[in-house]
Amino acid sequence: MTVHITGKVRKPGLYTLAMGARVADAVTAAGGPVRSTAMSSVNLARRLVDGEQIVVGAPPGLPPGLGSADPATTILDLNTATPDQLEQLPGVGEVLAARIADFRIAHGGFTSVDQLREVSGIGAKKYEEIKGKVRV
């Protein structure tokens, strides 16, 4: 899988890691954090998803690449959002966020928002609630 690690690391860039790798593996591949970087906003134990971006040293609560931490106005990218970020969508809990991430892995990413309809647990009503809050 390929991930983009950026922010306060020694060697930001694209890295190819084994399936099942964790955020800690990506940070290590990028040479580790630069000195005095707070790592409290990074869940080092979380499994990586192909195509995601990890920002080291970002302010807590601000999703990578987004200008607002307000879930009501944030538009999430289905191919890069973490499961924790997906849980901010209306009616999406831990289990459904994991299903969305699993679908993304199994299908090589989303090519359209409409593919959410193929995720187990997302019916017509839930799709209507979240389609305007996501993009690809």
Is there side-chain contact between [X] and [Y], with at least one heavy-atom pair below 4.5 Å?
| X | Y | result |
| --- | --- | --- |
| Arg117 | Ile122 | no |
| Met1 | Thr16 | no |
| Leu116 | Phe103 | no |

The criterion is side chain to side chain contact (heavy atoms under 4.5 Å, CB included); which residues satisfy it with Ser112, sequence neighbours excluded? Asp114, Gln115
By side chain to side chain contact (heavy atoms under 4.5 Å, CB included), Arg22 pairs with (sequence neighbours left out) Asp25, Arg47
Mind checking the [atom1]-[atom2] spacing from [X] to [Y]? Nearest 0.5 Å is all I need.
| X | Y | atom1 | atom2 | value |
| --- | --- | --- | --- | --- |
| Thr82 | Gln85 | OG1 | CD | 3.5 Å |
| Arg135 | Thr80 | CZ | OG1 | 6.5 Å |
| Leu17 | Leu48 | CG | CG | 6.0 Å |
| Ile100 | Ile105 | CD1 | CD1 | 12.5 Å |
| Glu118 | His107 | CD | NE2 | 6.0 Å |

Looking only at heavy atoms, what is the nearest atom pair of Leu86 and Leu78, with distance? CD2-CD2, 4.3 Å
Backbone N or O of [Y] within a donor-acceptor pair of the [X] side chain at under 3.5 Å?
| X | Y | answer |
| --- | --- | --- |
| Lys133 | Leu76 | no |
| Glu87 | Asp84 | no |
| Asp50 | Thr2 | yes |

Out of Ile54, Ile5, Thr28, Val3, which residue meets the side-chain contact (heavy atoms from CB on, under 4.5 Å) rule with Val23?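 Only match with Val23 under side-chain contact (heavy atoms from CB on, under 4.5 Å): Ile54.
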Same apolar cluster: Val27 and Leu14, side chain cutoff 4.5 Å: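 Different hydrophobic clusters.
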Hey, could you give me each pair passing salt bridge (charged side-chain N to carboxylate O under 4.0 Å, His left out) that has a residue in residues 96-112? Not counting sequence neighbours.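 For residues 96-112: none.
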Are there over 12 heavy-atom neighbours, none belonging to Glu129, within less than 6.0 Å of that residue's CD?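 Result for CD/Glu129: enclosed.
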